Amino acid sequence: MLLPVDSEHYLEVSAEVMGALREQPGATVQVLGWDEAFVGIATGDPEAYARALQAAVMARTRLNCSVGIGDTLVRAKVATGFGKPRGVFRLTADNWLEVMGDRRTADLWGIGAKVSKRLAGLGISTVAQLAATDPAELVGEFGPRMGPWYAELGRGEGSRVIDDTPWVARGHSRETTFQRDLVEPAEIEEALRVLVAHVLEDVATEGRPVVGLTLKVRYAPFLTKMFTRKIPVTADPTEVLARALDLATRIEPDRPVRLLGFRAEMTMPEGTPATSTPPPEAGGDGPP
DNA sequence: TCTGGGGTCCTAGGACCC
DNA sequence: TCTGGGGTCCTAGGACCC
């Protein structure tokens, strides 16, 4: 059975959940998505604190949740999986290898199917093997940042800092998979205009100008292309649309289009770090 | 998983400049 | 004119997560 998405309601409830977390004494809350957050706290009895969190969320929203306790963000995040459903689990330097050592690298937060396969090609299949790997050995395969970061993940190490500064989106995008492939240039252009309008609505609520565009095109079987372009800073929707239509000239004619996507990148507010210095916590902590 | 949508970050290669 | 090295910017593509 399929139910329609009610994102407005989810957002409301999400805000209630986060509100309940923030009310806890001493809590620093870093939202990870609609249904997930890090809570920073120093306490002698983390399990009791976790139960209190669950009770608070339940009282306010009648929703259950699981809590992972950890001494790093990665360990806490992974621990949450063991807490499900409705439970609490603690994962620290003391039991990390005991619990995770024999598991596949893909069980780590930040390592997916592709990377775990490449790791296996290097003879690294388990978390314990990854943990024992010299970070420098992974640079050749994964590059100077990702290589060492994967080794760190294997050990469960990494940031311990909960950052509660509000999320600031780098950009906004919309994409649509069409029920029927588009072929006529006119209907492709019309679809793009609709996408651009939606994206610009989202951008307008942020009040920041646009600095870059990406056009995503999925052709008939499943070939996806993306065209990206920096543009001179502008807050003018007409200007953005014109640039978008110009990008669209790169769509191959006479080729059925199954999906069209459009993304606008905005300037970041003053005081926002231009690039995040620490290693990626995981691509894409979604917005609250 | 024969394929939804909205995000983020990293890497490689080419262009350009000094 | 050719050669070389190093830095920065841009674009395309890949990977991951919720």
Side-chain angles (χ1 to χ4, degrees), chain A residues 2-7 10-11 13-14 17-18 30-38 65-66 73-74 77-78 80-81 84 105-119 138-150 152-153 158-159 163 167-179 181 191 194-195 198-199 201-203 205-206 211-232 243 247 250-251 258-266 268 272-288:
Chain A
L2 293 176
L3 293 174
V5 173
D6 188 352
S7 52
Y10 305 156
L11 269 176
V13 177
S14 175
V17 171
M18 302 310 165
Q30 178 177 347
V31 176
L32 275 194
W34 283 355
D35 65 345
E36 206 160 19
F38 284 116
C65 63
S66 305
L73 298 191
V74 165
K77 166 67 181 173
V78 173
T80 307
K84 291 176 184 178
T105 56
D107 288 345
L108 293 168
W109 183 46
I111 295 185
K114 300 297 175 83
V115 169
S116 68
K117 190 164 279 184
R118 285 165 72 187
L119 284 168
L138 298 177
V139 171
E141 175 69 20
F142 298 105
R145 286 177 73 84
M146 300 307 277
W149 182 58
Y150 292 142
E152 195 173 56
L153 269 184
S159 171
D163 179 3
W167 179 254
V168 182
R170 269 72 178 157
H172 288 296
S173 69
R174 289 293 176 97
E175 66 180 62
T176 309
T177 301
F178 304 110
Q179 296 302 312
D181 294 344
V194 171
L195 285 173
H198 282 153
V199 168
E201 278 176 29
D202 293 343
V203 166
T205 66
E206 307 250 1
V211 290
L213 310 179
T214 301
L215 177 65
K216 178 174 174 181
V217 185
R218 181 121 78 212
Y219 296 109
F222 204 75
L223 176 69
T224 306
K225 293 280 181 190
M226 293 174 71
F227 307 115
T228 133
R229 183 179 290 173
K230 291 264 177 218
I231 64 168
R243 301 258 181 202
L247 256 191
R250 301 185 55 181
I251 297 174
R258 169 179 298 187
L259 171 151
L260 225 43
F262 181 72
R263 170 182 157 87
E265 190 179 325
M266 298 167 287
M268 291 302 279
T272 313
T275 48
S276 55
T277 337
E281 288 312 331
D285 307 338

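In the text below, chain A, chain B and the rest are named by the order of the sequence lines, each starting its count at 1. Note that the structure is a prediction, hence the values are computed from the model and not measured.
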Do [X] and [Y] have side chains that get closer than 4.5 Å, going by heavy atoms?
| X | Y | answer |
| --- | --- | --- |
| A/S14 | A/D35 | no |
| A/V194 | A/H198 | yes |
| A/R118 | A/F142 | yes |
| A/W167 | A/V31 | no |
| A/L119 | A/L138 | yes |
| A/I231 | A/L213 | yes |
| A/E265 | A/K230 | yes |
| A/L260 | A/I251 | yes |

What nucleotide, of C/dC16, B/dT3, B/dG5, holds the atom closest to the side chain of A/V115?
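Of the options given, the side chain of A/V115 lies nearest C/dC16.
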Between B/dT3, B/dG6, C/dC18, which nucleotide gets closest to the side-chain atoms of A/S173?
B/dG6
Atom [atom1] of [X] and atom [atom2] of [N]: how far apart are they, to the nearest Å?
| X | N | atom1 | atom2 | result |
| --- | --- | --- | --- | --- |
| A/F178 | B/dT3 | CZ | C1' | 16 Å |
| A/L259 | B/dG5 | CG | C1' | 9 Å |
| A/E201 | B/dG6 | CD | P | 13 Å |
| A/D181 | B/dT3 | CG | P | 13 Å |
| A/Y150 | C/dA15 | OH | C1' | 7 Å |
| A/E36 | C/dC16 | CD | C1' | 14 Å |
| A/R263 | B/dG6 | CZ | P | 12 Å |
| A/W34 | B/dG6 | CH2 | C1' | 9 Å |

Mind checking [X] for me? I need base, sugar-phosphate or nothing, with any heavy atom below 4.0 Å counting as a touch.
| X | result |
| --- | --- |
| A/G261 | nothing |
| A/P144 | sugar-phosphate |
| A/L108 | sugar-phosphate |
| A/K216 | nothing |

Can you tell me if A/W109 is stacked onto the base of C/dC17, using a 5.5 Å centroid cut-off and an angle below 30°?
no
Take A/F142 and A/D202, find for each the nucleotide of DNA chain B with the closest heavy atom, and name the residue whose nucleotide sits nearer the 5' end.
A/D202
When the C1' atoms of C/dC18 and B/dC2 are considered, how many whole Å apart are they?
23 Å
With a 4.0 Å cutoff (strictly under), does any side-chain N or O of A/R174 reach OP1 or OP2 of B/dG6?
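For B/dG6, OP1 or OP2 has a side-chain N or O of A/R174 closer than 4.0 Å.
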For A/T176 and B/dG4, is the shortest distance between a side-chain N/O and OP1 or OP2 below 4.0 Å?
no
Minimum heavy-atom separation for A/L195 and A/T176, please, with both atom names.
CD2-OG1, 3.5 Å
Identify each atom pair where a protein N or O and an N or O of nucleotides 7-14 of chain C are less than 3.5 Å apart, giving names and distance.
residue: C/dT11; atom: OP2; partner: A/K230; partner atom: N; Å: 2.9
residue: C/dA12; atom: OP1; partner: A/R250; partner atom: NH1; Å: 2.9
residue: C/dA12; atom: OP1; partner: A/R250; partner atom: NH2; Å: 2.8
residue: C/dA12; atom: OP2; partner: A/T228; partner atom: N; Å: 2.7
residue: C/dA12; atom: OP2; partner: A/T228; partner atom: O; Å: 3.2
residue: C/dG13; atom: OP1; partner: A/K225; partner atom: NZ; Å: 3.3

Quick one: CD on A/E36 to NZ on A/K77, what's the gap to the nearest 0.5 Å?
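Here the interatomic distance stands at 3.0 Å.
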Counting Watson-Crick and G-U wobble pairs whose two distances are both under 3.5 Å, find the runs of 3 or more in a row that involve DNA chain C.
B:5-18 with C:5-18
